[in-house]
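Numbers here simply count residues along the sequence, with the first being 1. Values below: all heavy atoms of this structure, side chains included; hydrogens, waters and symmetry mates excluded.
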Amino acid sequence: QVQLVESGGGLVQPGGSLRLSCAASGFSLNYYAIGWFRQAPGKEREGVSCISSSHFSTGYVESVKGRFTISRDNAKNTVYLQMNSLKPEDTAVYYCATAPGCTVVAGTIPRPPDGMNYWGKGTLVTVSS
């Protein structure tokens, strides 16, 4: 079974931190770029960060730059998103997905083309006082 599973979400106060994990099973993440996306209530899913398969190049949207850090551990077949200085506007369901590459276009990280990616089912992050 090919599967991506996100974990690490939860409830935190503004200014707090969480570390999300994206674990792959049934295939290797070594040769895929990986993106983190989020969807807040009533809004479209948006990309927040990505990491390439080679050289571990990374991309971030401006709203999370300097606060979020994406990384990968190929030996564990896992990609991480370290989220610091969390804000209420970061509240969303966070998803990871495979992609052909890591690209920031006009300040956004596009969804990977259909048929070229796998998606996890998401983990909920709630930032509230």
Side-chain angles (χ1 to χ4, degrees):
Q1 289 282 94
V2 173
Q3 190 174 19
L4 288 174
V5 178
E6 302 93 338
S7 62
L11 174 64
V12 297
Q13 294 186 345
S17 298
L18 285 173
R19 189 194 195 196
L20 306 184
S21 298
C22 172
S25 61
F27 73 106
S28 175
L29 289 178
N30 291 5
Y31 307 106
Y32 292 91
I34 302 295
W36 281 98
F37 300 80
R38 67 187 181 188
Q39 188 165 19
K43 295 188 176 181
E44 297 294 319
R45 192 171 300 185
E46 64 172 352
V48 297
S49 184
C50 61
I51 186 166
S52 68
S53 60
S54 61
H55 308 297
F56 287 13
S57 298
T58 59
Y60 303 90
V61 295
E62 188 66 30
S63 62
V64 308
K65 191 175 297 182
R67 300 188 298 119
F68 291 10
T69 302
I70 191 171
S71 62
R72 65 192 302 160
D73 187 340
N74 287 343
K76 296 182 178 180
N77 216 21
T78 301
V79 173
Y80 304 97
L81 185 67
Q82 178 67 46
M83 306 186 297
N84 299 326
S85 302
L86 283 163
K87 304 175 180 179
E89 64 200 67
D90 296 318
T91 296
V93 177
Y94 283 71
Y95 303 85
C96 64
T98 61
C102 175
T103 306
V104 179
V105 179
T108 69
I109 298 176
R111 291 171 60 105
D114 290 344
M116 299 183 181
N117 65 289
Y118 303 108
W119 287 88
K121 293 185 177 180
T123 185
L124 176 63
V125 172
T126 303
V127 185
S128 180
S129 299

Q: May I have the step-by-step check of side-chain contact (heavy atoms from CB on, under 4.5 Å) for M83 and S17, ending in yes or no?
A: CA-CA 5 Å; M83 306 186 297; S17 298; over 6 Å; no
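- With rounding to the nearest 0.5 Å, the separation of OG1 in T69 from CZ in R19 is 10.5 Å.
- The shortest side-chain heavy-atom distance between K87 and R67 falls under the 4.5 Å cut-off.
- The heavy-atom pair separating G47 from V61 by the smallest distance is O-CG1, 3.3 Å.
- Of the possible donor and acceptor atoms, one in the side chain of S28 sits under 3.5 Å from a partner among the backbone N and O of N30.
- Linking Ile, Leu, Val, Met, Phe, Trp and Tyr residues whenever their side-chain heavy atoms come within less than 4.5 Å leaves V105 and V64 in two separate clusters.
- Rounding to the nearest 0.5 Å places OG of S53 at 10.5 Å from OH of Y32.
- No donor-acceptor distance shorter than 3.5 angstrom exists from the side chain of N117 to the backbone of A99, with no hydrogens or angles considered.
- For E6 (side chain) and S21 (main-chain N/O), no donor-acceptor pair under 3.5 Å exists by modelled atom type.
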(Q) T123 vs L20, test: side-chain contact (heavy atoms from CB on, under 4.5 Å). Steps then yes/no. (A) CA-CA 8 Å; T123 185; L20 306 184; 4.0 Å; yes
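- In this structure, the side chains of P88 and S128 stay at 4.5 Å or more apart for every pair of heavy atoms.
- Note: the hydrophobic cluster containing V5 does not contain L124 (ILVMFWY, side chain heavy atoms under 4.5 Å, direct or indirect links).
- S57 places none of its side-chain heavy atoms less than 4.5 Å from the side chain of C102.
- No continuous path of hydrophobic side-chain contacts links L11 to V93 [ILVMFWY only; heavy atoms under 4.5 Å].
- Residues V104 and Y60 have side chains not in contact (no heavy-atom distance under 4.5 Å, counting atoms from C-beta outward).
- R38 has a carboxylate O that lies under 4.0 Å from a charged side-chain N of E46, or vice versa, which qualifies the two as a salt bridge.
- Residues in residues 87-121 take part in these ring-ring contact (aromatic ring centres under 6.0 Å, His included) pairs, two or more places apart or across chains: F27-Y118, F37-W119.
- The line from CZ of F68 to CG of L18 is 9.0 Å long, rounded to the nearest 0.5 Å.
- How far OG1 of T58 is from NZ of K65: 9.5 Å, rounded to the nearest 0.5 Å.
- Under the 4.5 Å side-chain criterion, counting only non-hydrogen atoms from C-beta, Y80 is in contact with D73.
- The hydrophobic cluster containing L29 also contains V2, counting ILVMFWY residues as joined when their side-chain heavy atoms lie under 4.5 angstrom apart, directly or transitively.
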Q) Does the pair T98 and L4 meet the rule for a side-chain contact (heavy atoms from CB on, under 4.5 Å), with working shown? A) CA-CA 9 Å; T98 61; L4 288 174; 4.1 Å; yes
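- The shortest side-chain heavy-atom distance between R45 and R111 falls under the 4.5 Å cut-off.
- At a threshold of 4.5 Å between non-hydrogen side-chain atoms, the residues Q13 and V127 do not count as touching.
- In this structure, OG in S52 is found 9.5 Å from CD1 in I70, a value given to the nearest 0.5 Å.
- Annotation: side chain of V125 is not in contact with side chain of T91 (no heavy-atom distance under 4.5 Å).
- Separating the CD atom in E89 from the OG atom in S63 is a distance of 7.0 Å, to the nearest 0.5 Å.
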